[in-house]
Student: 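My structure is below; once you've seen it, I'll send some questions.
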Number of protein chains: 2
Amino acid sequence: MEEVNDKVTHNQCSMHINESGAQLTHEQIGPADAIPAVRQRIVREATRLFALKGYNGVSVREIVEAAGITRPTLYYYFPSKEQLFEHIIAETLGEFRSQLEQAVRSQGSLRERLIQICRVHLDFARCNADNCHLVHSVLFTNESKRVNFDLDEYFRQNMRMIADVLAEGMASGDIRSGDPWLMAMMFGGIIHMFIMAMMRDPAAVSQEGLAEIVVDNLLRGLGA
Amino acid sequence: MEEVNDKVTHNQCSMHINESGAQLTHEQIGPADAIPAVRQRIVREATRLFALKGYNGVSVREIVEAAGITRPTLYYYFPSKEQLFEHIIAETLGEFRSQLEQAVRSQGSLRERLIQICRVHLDFARCNADNCHLVHSVLFTNESKRVNFDLDEYFRQNMRMIADVLAEGMASGDIRSGDPWLMAMMFGGIIHMFIMAMMRDPAAVSQEGLAEIVVDNLLRGLGA
DNA sequence: CGCAACCTACCGAACAGTAGGTATATAAAC
DNA sequence: GTTTATATACCTACTGTTCGGTAGGTTGCG
């Protein structure tokens, strides 16, 4: 009860996932819709552990121990381990989607918008390293089958949003004509690579000005 | 005995992993060092299942059932589930490294060498989809701790090889001056993105001329 | 040849431990 | 007294692993 929701909240970063945000379909707790600290602890520790060892690598015993509770308490808040997992995934993806939409709709030159898109990715990954790690582990083991969420469609939509921005750039003459989808894949891939590097060693990637550098290099090209 | 080592061997692709290649330290079977078909089946099915469900998602029972044997037989060929897993990873990474080294050492213009590097990645991923999937699942859950192999160092070395090629390009005036490491990250990220897309839906990525298109787009840049 | 000794390659059954999940009790709050 | 939130103790199913055994082949030797 004394220490509640720190540890994810980083310093200069305000886009972390707060469990108290708009929830996706789960039984509401109590008449006043405050979220119990215990439930938050469960989500936080489960996220951390799932990210570290994958779904099958973590037992509910481990989760409840980390959260300082017992198993029935976890099952009081979540119907199953699987749905706890699903909840975390859906919450993470939902939060990121909203951040990305904001970046895509941002005003400014094409370059600035691309920088904003890049920055949103990097910031989100930095502030929600565990969630980010978790989503990746879902993507690459086919535990995707486990989670009741069309991940392919989700990422296709994200790519489509970026491709649309690039297509606008072609219309305005900022981007040379070509296949917006292919270009979006390239842009997404580059961003992704730095996220991966950050996940494996946060200190190895200096966030300072990275988005600008990446976008400028991509626009100019590597050729002399 | 009748059907032995197909199913990985694709048509126009000759860079699949053959279990009969130079083995890494395990007891040699028999005086003639032929590799028993049973052992190959174990490795093949284990690779497929691990790729599909992750290390912890697959039981030894599942593997032996898929391979058409019993558990003691698996333990006859491999000392543990963990070391079977490790063997597959090490074999995969070793084989890819050798392919990549060949591409890096290839002759030709800088553009052609980059295309070759890109092509090696894409071909390897296409011909060894299971192995590729598996390595990724190791990368993103921290089952990396499980495997007795410094994955960070491995990929750092791969990136260094690509960065060196780019640095040579700077010296010869083909690449504009800049940070070779950052450029290698960008190049690697783009390649990676297409590999991911292939892994999730092999049909969605047309391999035909992709390497050329990617390299040319990267060299020229997306800007008008 | 006959036969014992040994080997590789495999199997059925069982082990101790842990998995996810729950029936039931209890303690406090309304 | 009902509801909310927690705990103890237990269930069944499954985990990785091992034990003891054996079919079938090869070798050595008289």
Side-chain angles (χ1 to χ4, degrees), chain A residues 1-2 4 19 26-43 45-46 49-50 52-88 141 143 145-148, chain B residues 1-2 4 19 23 26-46 49-50 52-88 141 143 145-148:
Chain A
M1 275 211 193
E2 43 284 0
V4 177
E19 166 75 1
H26 193 270
E27 86 274 306
Q28 285 297 349
I29 313 294
D33 52 0
I35 286 122
V38 172
R39 194 189 143 105
Q40 290 181 265
R41 278 214 312 276
I42 294 171
V43 169
E45 294 303 314
L49 288 168
F50 282 142
L52 198 61
K53 314 205 228 179
Y55 180 82
N56 285 300
V58 182
S59 65
V60 298
R61 283 167 169 83
E62 241 177 312
I63 297 170
V64 299
E65 190 182 0
I69 56 170
T70 58
R71 262 170 299 148
T73 301
L74 185 147
Y75 283 98
Y76 176 78
Y77 289 104
F78 295 93
S80 69
K81 179 190 180 188
E82 213 157 286
Q83 284 189 235
L84 165 59
F85 187 70
E86 212 168 297
H87 165 82
I88 296 172
T141 73
E143 328 218 36
K145 295 296 177 293
R146 174 182 320 284
V147 75
N148 190 16
Chain B
M1 274 209 192
E2 43 282 0
V4 178
E19 167 75 359
Q23 217 72 301
H26 193 269
E27 87 270 307
Q28 286 296 350
I29 314 293
D33 52 0
I35 285 122
V38 172
R39 194 189 142 106
Q40 290 181 266
R41 277 212 314 276
I42 293 171
V43 169
R44 195 196 331 135
E45 294 303 314
L49 288 168
F50 282 143
L52 199 59
K53 313 206 228 178
Y55 180 82
N56 285 301
V58 182
S59 67
V60 175
R61 285 165 171 81
E62 243 177 310
I63 298 171
V64 300
E65 190 182 359
I69 56 170
T70 58
R71 269 166 289 155
T73 301
L74 186 147
Y75 282 96
Y76 176 77
Y77 287 105
F78 295 93
S80 69
K81 179 191 178 187
E82 212 156 289
Q83 283 189 238
L84 165 58
F85 187 71
E86 210 168 297
H87 165 82
I88 296 171
T141 73
E143 328 219 35
K145 295 296 177 297
R146 176 183 317 285
V147 75
N148 190 16

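In what follows, chains carry the letters A, B, and so on, assigned in the order in which the sequence lines appear, proteins first and then strands, with residues in each chain numbered from 1. Note that these values count all heavy atoms, side chains included, but never hydrogens, waters or copies made by symmetry.
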Student: Nearest 0.5 Å please: distance from the CZ atom of A:F85 over to the CG atom of A:N56.
Tutor: 8.5 Å
Student: Quick one: pull up CD1 in B:I88 and OH in B:Y55 and give me the separation to the nearest 0.5 Å.
Tutor: 10.5 Å
Student: Rounding to an integer number of Å, can you tell me how far A:L74 CG sits from D:dT8 P?
Tutor: 16 Å
Student: Please list residues of residues 60-68 of chain A whose heavy atoms come under 4.0 Å from any atom in DNA chain D, ordered by number; otherwise none.
Tutor: none
Student: At what distance, to the nearest 0.5 angstrom, does CD of A:E45 lie from CG of A:L74?
Tutor: 12.0 Å
Student: Just the rounded figure in Å: distance from C1' of C:dA19 to CD of A:E82.
Tutor: 14 Å
Student: Ignoring hydrogens and geometry beyond distance, is the side chain of B:R71 in donor-acceptor contact with the base of D:dT18 at under 3.5 Å?
Tutor: no
Student: Take the protein atom CZ of B:F78 and the nucleotide atom C1' of D:dG16, then report the distance between them rounded to whole Å.
Tutor: 16 Å
Student: May I have the distance from A:Y75 (atom OH) to D:dA5 (atom P), rounded to whole angstrom?
Tutor: 19 Å
Student: With B:S59, which residues qualify under side chain to side chain donor-acceptor pair (under 3.5 Å), at least two apart?
Tutor: none
Student: In terms of side-chain heavy atoms of B:P72, which of C:dA13, D:dT6, C:dT22 is nearest?
Tutor: C:dA13
Student: Whole angstroms only, please: what is the CZ-P distance between B:R39 and C:dC10?
Tutor: 12 Å
Student: As a test of reading the structure: which of C:dC10, D:dA7, C:dG20 is closest to the side chain of A:K81, going by heavy atoms?
Tutor: C:dG20
Student: Could you work out which one of D:dA7, D:dA5, D:dT17 sits closest to the side chain of A:Y76?
Tutor: D:dA5
Student: Could you check A:I69 against B:V58 and say which one's nearest nucleotide on DNA chain D is further toward the 5' end?
Tutor: A:I69
Student: Contact class for A:T70 vs. all strands (heavy atom < 4.0 Å): base, sugar-phosphate, or nothing?
Tutor: base
Student: What's the NZ-C1' distance between B:K53 and D:dC14, to the nearest Å?
Tutor: 13 Å
Student: Whole angstroms only, please: what is the OH-C1' distance between A:Y55 and C:dA19?
Tutor: 11 Å
Student: Who passes side-chain contact (heavy atoms from CB on, under 4.5 Å) against A:V58, sequence neighbours left out?
Tutor: A:L49, A:F50, A:K53, A:E62, A:I63
Student: What distance do B:R61 atom CZ and B:E65 atom CD have between them, rounded to the nearest 0.5 Å?
Tutor: 11.0 Å
Student: Please identify which of these residues, A:L84, A:V43, A:I69, A:I42, meets the side-chain contact (heavy atoms from CB on, under 4.5 Å) condition with A:Y77.
Tutor: A:I42
Student: For C:dA19 and A:S59 - does any side-chain N or O of the residue sit under 4.0 Å from the phosphate oxygens OP1/OP2?
Tutor: yes
